[in-house]
Every structure is written in structure tokens, then in C-alpha cells.
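In what follows, a structure is listed as C-alpha cells, so that the remarks can point back to it.
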Amino acid sequence: MESLIKADNVEKAEEVFNQMQSDEVIGTNARSYSSILSGYVASACNSILSGHPRYEEHVKVENMFDLMLEKDYNDPLDEDLNYILMRIRKGLV
């Protein structure tokens, strides 16, 4: 999944994440959540920089961030990423 995100193939990474999440044997953890979140953030930032921000990408960031907080997976988040996400949530970015 991480290599898909590095290759800017967030859609395929999302498919893998969803498969992991639905398979009890494989499952997901803080690292997988953090990886997919970083892909969502990169995709959202790219859409903003291209001048064509897409609302659905920001919703994915928000939803994944909420899930991570619910599962108490916020510890692995980089401090800068956590700061950016909190600012997005407050509408300050």
C-alpha cells in the first residue's frame, strides 16, 4: 500500500486498504491508517495546487482523520500533519 501511495496511485491504495479492513486475518493498524491518510492528504494538496480543488478529497481526509482519532491512532501522525489537519478542521487553511 505504501508503495502505491509513493507512486501516486491513491485509488489503488484505497482499494488495498479497504480489502485489508474487510479481511479479519489481515486487518488494519495505525500504520495502514497513517499511510492511507498521507495519500489522501497528498492528493488533496495536489488538487489545490493544480487550481482544481476537489471537495471529495478533503472529505476523505476528514473522515480518515476522524477514524484515526476514534481508534486512538493519532500517535503515529507526524506533528506537522496533525497540525495541518487540525487547521483544516478549524477552517484556518
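As the structure is a prediction and not an experimental result, all values here were calculated from the model.
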Which heavy atom of V10 sits nearest to which heavy atom of G39, and what is that distance?
CG2-O, 3.6 Å
Do you know which two heavy atoms are closest between S35 and M1, and how far apart they sit?
CB-CE, 3.8 Å
Roughly how far, to the nearest 0.5 Å, is the CE atom of M20 from the CD1 atom of I36?
9.5 Å
Does N18 offer a backbone N or O that forms a donor-acceptor pair with the side chain of S22 under 3.5 Å?
yes
State which residues pass salt bridge (charged side-chain N to carboxylate O under 4.0 Å, His left out) with E56; sequence neighbours excluded, sorted by chain then number.
R54
Of all residues at least two apart in sequence or in a different chain, which pass the salt bridge (charged side-chain N to carboxylate O under 4.0 Å, His left out) check with K12?
E15
State yes or no: do Y40 and L69 share one hydrophobic cluster built from I, L, V, M, F, W and Y residues joined by side-chain heavy-atom distances below 4.5 Å, directly or via other members?
yes
Verify the cluster assignment for L37 and V59: are they in a single hydrophobic cluster under the rule of side-chain heavy atoms below 4.5 Å apart?
no
Results of side-chain hydrogen bond (donor to acceptor under 3.5 Å, both in side chains) for [X] - residues two or more places apart only:
X   : answer
N46 : none
S38 : none
T28 : none

The criterion is ring-ring contact (aromatic ring centres under 6.0 Å, His included); which residues satisfy it with F17, sequence neighbours excluded?
Y33
Considering the options E57, E11, E14, which one meets the side chain to side chain donor-acceptor pair (under 3.5 Å) requirement together with S43?
E57
